[in-house]
Amino acid sequence: MTAKPNTRIDIGGLELKNPVMTASGTFGYGREFADLIDLNRLGAIIVKGLSLEPSKGNPPLRIVETRCGMLNAIGLENVGLEAFVKGKIPFLQKLTTPILVNIYGKTKEEYAELAARLDDIEAISGIEVNISCPNVKAGGAAFGAYPQTAAEVVRAVRSKTTKPLVVKLSPNVTDIAEIARSVEAAGADSVSLINTITGMAIDIESRRPKLANITGGLSGPAIKPIALRMVWQVAQSVKIPVIGVGGIMNAKDALEFLIAGAAAVQIGTANFINPRATLDVIEGIESYLIEKEISDISEIIGSLETNQIIS
Amino acid sequence: MFQENVQILWNKKIGPSYYCIGLTCHEGYGMAKPGQFIMLRLPAKTAPFLRRPFSIHRIITTDDRATGIELLYKVVGDGTDKLSRCRQGDSADILGPLGNGFSVFDNYQRIAIVAGGIGVAPMLFLAIALQTKGVDLSKCTVFLGGNSTDDLLCRDDFNRLGIRTHVTTDDGSAGDQCFVTHPLEMALEKNRADIIYACGPMEMLKCVVGIAAKHKIPCQISIETIMACGMGACLGCAVEKKDDASIYMHACMDGPVFEADALKFN
């Protein structure tokens, strides 16, 4: 019998037992899934995007099913920092799985304050800086759209915390690799990509947008090829680890991202359809490694072979 | 809450575009409350992409143990169309029971149940739960409304339980030609109810809530919204709160059953 392959991986100072994380906004605060899966088997849990103050989010209708995907315009509804610390941390700190908090601010000062206040909390293993939410008016993707503003937010956060920093990038930009290099220079320990792709849907009877927010973020298998291409590009452009996100529904999808150069993956929309999607991916990756007699997951990361010489 | 792959026991057409499907389920569904729902997905289908919510119509029991659930559904789109083509022995993935459900009290005897169209789906389960609680069903009335006679479901089921039914249709093909809320209000004026339970289109619910408020009668309504996960993760099923604009509620966790005065109607 083949020995169990090593799936442990270091993502910019984050020690994960396997490379499978939950994408922010698709897994609540973890507890929602506790009846259905063993949360301690996950590589990491990234909780719902957090702001300093509670945030109501966007009016309904907030989600629309599309072909092979869905649009959402939740608008970062969340309980706010205080309620998160009091109400959610006590459960999360009992888990052995590393917890990352996705943070969002309207100004770079708000990002910095969130980072400073989360820095003291031992139960939090890392921070994911959300500069890519397409569904809020101020902040979010507005910062992530330009290399300079993205870097400013990351520098502000970096100055307030020593915890590992993941920066979540938007695909709604001209050159995602440039943004990635910029946040790397500003002190990011890793980058995660992609956030959702801006899209819309129209009701032809009423001739009105289906989403109250008019536009929303497209996720699901429809965006996987785009995410994969961007991960591949970014992985060649930065030295820090890249976390692949976008339409991963199963282990095969996740393996594509790892081969393209992602050191870890996040499972998002798949959690809605199959609450145990993360575990299926973990098990599927292990089976693949065993079948291919690969003893360490690092052997497949960025192992893509092309005949092209990348300049 | 259970996620499981289950067998389809039957999938019967009970009217034009209406079906009744039986599914095997975990024994834990014996604890399910009327008004709770499940999220269903057919295997290996890329469309529809998301699960679909269905309220539990009835719990199937064998020797007092829950062995299955029955759902009542109307074919309205791609998801329900595909479901209607499933046959006995096919499999489905279900997640449930989800949501809060109706509160059933043993001290309320005169009960009005109002159902519009497919909104009747959770109401048979409710009637059975009331009976189990010891409520005298002869003092209950079900007000059933639909577009036409084809949309009036479960009349026989309610009658078998000893519940009176009062039917209305929009086209006059059965019962009175009016909205279902009309006979409800007439009945309440003659004889006050202890509680009203309602499920149906939003316009109907808005009207029922108005009637309940006018007569100061406790009222619980079950609403239908679009949702992706059904378990509080996606936050897609936001609904407006009546007296508090600072926060949304979510149909999957705070509902789908709400006290009549909790929701803001547009």
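Chain letters run A, B, ... following the sequence lines, proteins first, then strands; residues in each count from 1. Side-chain atoms are counted along with the backbone in the values below, which use heavy atoms only and exclude waters and symmetry mates. Source: prediction; values computed, not measured.
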For this session: Before giving the answer on side-chain hydrogen bond (donor to acceptor under 3.5 Å, both in side chains), spell out for B/Q3 and A/D35 the whole-Å C-alpha distance, their side-chain angles and the decisive distance to 0.1 Å.
Result: CA-CA 9 Å; B/Q3 182 193 357; A/D35 276 2; over 6 Å; no

Problem set entry | Proximity breakdown for A/F33 and chain B, heavy-atom pairs closer than 4.5 Å | both

Seminar exercise, completed: Filtered by a 4.5 Å non-hydrogen cutoff, the part of residues 239-248 of chain B contacting chain A is B/A245, B/S246, B/I247, B/Y248

For this session: Considering only heavy atoms, give the residues of residues 42-53 of chain A separated from chain B by less than 4.5 Å, sorted numerically, with 'none' for an empty result.
Result: A/K48

Seminar exercise, completed: Among B/M39, B/M253, B/H250, the residue with the most heavy-atom pairs under 4.5 Å to chain A is B/H250

For this session: Hey, could you give me the CZ/CE distance between A/F272 and B/M227, rounded to the nearest 0.5 Å?
Result: 12.5 Å

Seminar exercise, completed: When every non-hydrogen atom of A/M70 is compared with those of B/L50, the smallest separation belongs to SD-CD2, 3.9 Å

For this session: Applying side chain to side chain donor-acceptor pair (under 3.5 Å), name anything that partners A/S192, two or more places apart in sequence or on another chain.
Result: A/E128

Exercise. So does A/R31 have more than 12 non-hydrogen atoms from other groups sitting under 6.0 Å from CZ?
Worked result: no

Problem set entry | Neighbour count above 12 (heavy atom, 6.0 Å) for A/E82 CD | no

Exercise. Which atom names give the shortest non-hydrogen contact between A/P275 and B/R51, and what distance separates them?
Worked result: CD-NH2, 4.0 Å

Exercise. Considering residues, nucleotides and ligands other than B/F179, do more than 12 of their heavy atoms fall under 6.0 Å from its CZ?
Worked result: no

For this session: Any chance you could measure A/N274, atom CG, to B/D93, atom CG, to the nearest 0.5 Å?
Result: 7.0 Å

Problem set entry | Contacting moiety of A/I273, where chain B heavy atoms sit under 4.5 Å | both

Exercise. What part of A/P54 gets closer than 4.5 Å to chain B, counting heavy atoms only: side chain, backbone, both or neither?
Worked result: neither

For this session: Please name the pair of heavy atoms, one in A/G220 and one in B/F49, separated by the smallest distance, quoted to 0.1 Å.
Result: CA-CZ, 4.1 Å

Seminar exercise, completed: From the list A/P60, A/G28, A/A73, the residue making the most non-hydrogen contacts under 4.5 Å with chain B is A/P60

Exercise. At their closest point, which heavy atom of B/M231 faces which heavy atom of A/E32, and how far apart are they?
Worked result: CE-O, 3.3 Å

Exercise. Chain B contacts: which residues in residues 61-68 of chain A have a non-hydrogen atom closer than 4.5 Å to it?
Worked result: A/L61, A/R62, A/I63, A/E65, A/T66, A/C68

Problem set entry | Interchain contact, A/T269 with chain B, by part (heavy-atom threshold 4.5 Å) | side chain

